[in-house]
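Okay, so here's the structure we're looking at.
Order of the sequence lines sets the chain letters (A, B, ...), proteins ahead of strands, with each chain counted from 1. Reckoned from all heavy atoms, side chains included, excluding hydrogens, waters and symmetry mates.
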Protein chains: 2
Amino acid sequence: MIKKSHHTVRQSIQQRIETGEWPLGALIPGEIVLAAEYGCARTTINRALQALADAGMLIRKRKGGTRVCSMPVRLAKFAIPIVREQVEATGCQYKHQVVVNILKVPEKEIAAGLNLASGEKANYLETLHFANGKPFAFEQRWVNLKAVPTILTAPLHEISANEWLVKTVPFSSGDVVFYATNAEQRIADAIETTLGTAIFVSDRTTWFKEEFITKVKLYYQAGFQLYTQL
Amino acid sequence: MIKKSHHTVRQSIQQRIETGEWPLGALIPGEIVLAAEYGCARTTINRALQALADAGMLIRKRKGGTRVCSMPVRLAKFAIPIVREQVEATGCQYKHQVVVNILKVPEKEIAAGLNLASGEKANYLETLHFANGKPFAFEQRWVNLKAVPTILTAPLHEISANEWLVKTVPFSSGDVVFYATNAEQRIADAIETTLGTAIFVSDRTTWFKEEFITKVKLYYQAGFQLYTQL
DNA sequence: ACTGATATTATGTATGCACATAATATATTT
DNA sequence: AAATATATTATGTGCATACATAATATCAGT
């Protein structure tokens, strides 16, 4: 083994796990032993093992050593997408259309979820996203004006609120909920399907340093599938 | 700044991005400058910056330097769960029940998806997962007998096929599709809802070194939500 | 036996150094 | 002026070393 870079070592070790040389839950050799075996410095082995531990493939403990994760936490990752990119990824042409853009006081339960004072207005937007001219998703969005006052002057007819916010607001945390729902009449009309059709919905709330920024519900076209890889 | 470990440096730098000190797309100081500023070695800065780059917060290029990612790819991660853990996480008691466990030849389209020779039998399982005695999810699963012959002797009444496979088969790759569907009568009966109710479905196929292992469809109870964080 | 001090061990972290590599800027040649 | 060579620069990677830290093993004292 003349392997060198931690990438190569990492890959090699991953293989040895995958082929079953080190079965699930087994203790693998220490860094020094591996370093000798691969003919590299312990530092290099360390980086490789740490990377694998980050990936959830190994569990490391001082003393106790490193062992193969017995119940591997397989993480499915997916990029929270710009709808435009989602559409264009399927080879379709993207278009969007702002249907509603008003200021209004949200209903109580929503205002609470948004962390807004009662009676405070927020920017409410409804946008239709199209793929090759057909409705792809229907978006309902609340934007906190205190956090992002400039949204009022943003050219939302050229760039969707979705994309504008990602490009403008620095890193933020948030949570996403996915669920299925039977289409109400309004939604059914918007995405051109029939009442009661099962619709895939993503509901996302975004925060920036404890301050609410935006909450968006996306109703995808009937038959939509969210694909991710392990 | 007496900050030391790369963790601390990483956090500090992340803050400076989040507070807007370095806006989206901006070029940040080089490693040497930062090392001087933080009073640590360049290596330490390097590790911190690399970590942030891995997290999708920075983009680094030899020469050209490091800049804040202008269109941050926020990755939503979620663990592909053992259903039991999913149930227990909500504080409910878990139980499962194997409804069907037979060998049969899958339909053509499924066999193709499973990479099985035509006419070849596979293990077909139907399992009901319960939370506090109420149906939580209905599982339909195909298992490749050539890959995992021991499934036939597994105690599937004590440990669900789901969990047994995760504990037994080494790391594997796979893909997951989520979608919404209107419940057919069979499904509706199984999870005790009414015909046509919108159901959240996850459809997962798992491979081990190019060999098909298992394909599983999970129909979740009505109202189920998949929650993830950014 | 039980308790607590001490040594051992494996990983975690930091540092300094050297060289590799890629992209750019500058100088050189035609 | 255009093409080519060279220097510069910032990151990428590897190594040797040292010390830190946490968990365990060992051993002594009561």
Any side-chain donor paired with an acceptor under 3.5 Å for B:T127 and B:R141?
no
How is B:G64 classified with respect to the nucleic acid when contacts are heavy atoms under 4.0 Å: base, sugar-phosphate, or nothing?
nothing
Nearest listed nucleotide, side chain of B:R42, among D:dT13, D:dC15, C:dG16:
D:dT13
For A:I32 and C:dG12, what is the distance between atoms CD1 and P respectively, to the nearest whole Å?
13 Å
Is there a side-chain polar atom (N or O) of A:T66 under 4.0 Å from OP1 or OP2 of C:dA10?
no
Report the C-alpha distance between A:F136 and A:F130 in whole Å, list the side-chain angles of each, state the deciding distance to 0.1 Å, and finish with yes or no for ring-ring contact (aromatic ring centres under 6.0 Å, His included).
CA-CA 5 Å; A:F136 176 79; A:F130 296 92; over 10 Å; no
Rounded to the Å, how far apart are B:H6 NE2 and C:dT13 P?
5 Å
A:R60 vs C:dG12: side-chain N/O to OP1/OP2 distance below 4.0 Å
yes
Could you state the CG-P distance from B:L49 to D:dG12, rounded to the nearest angstrom?
8 Å
Student check: side-chain heavy atoms of A:I151 and A:W164 closer than 4.5 Å:
yes
When the distance from NZ of B:K61 to C1' of C:dA20 is rounded to whole Å, what number comes out?
19 Å
Minimum-distance nucleotide (side-chain atoms of A:T43 versus D:dC15, D:dA22, D:dT11):
D:dC15
Separation of atom NZ in A:K63 from atom P in D:dT26, rounded to whole Å
9 Å
Starting at atom CD1 of B:I45, determine the distance to atom P of C:dG16, rounded to an integer number of angstrom.
12 Å
When you measure from the side-chain N and O atoms of B:Q50 to the phosphate of D:dG12, is any distance below 4.0 Å, counting only OP1 and OP2?
yes
With nearest nucleotides of DNA chain D determined for A:R62 and A:A41 from heavy-atom distances, which residue corresponds to the more 5′ nucleotide?
A:A41
What is the distance, to the nearest angstrom, from the CZ atom on B:R67 to the C1' atom on D:dA10?
13 Å
Separation of B:H7 atom NE2 from C:dG12 atom P, in whole Å?
9 Å
B:E37 and B:R16 ion-paired at < 4.0 Å
yes
Which of C:dT13, C:dT11, C:dT15 is nearest the side chain of B:T44? It is C:dT15
Residues B:D175 and A:Q229: side-chain donor-acceptor under 3.5 angstrom:
no
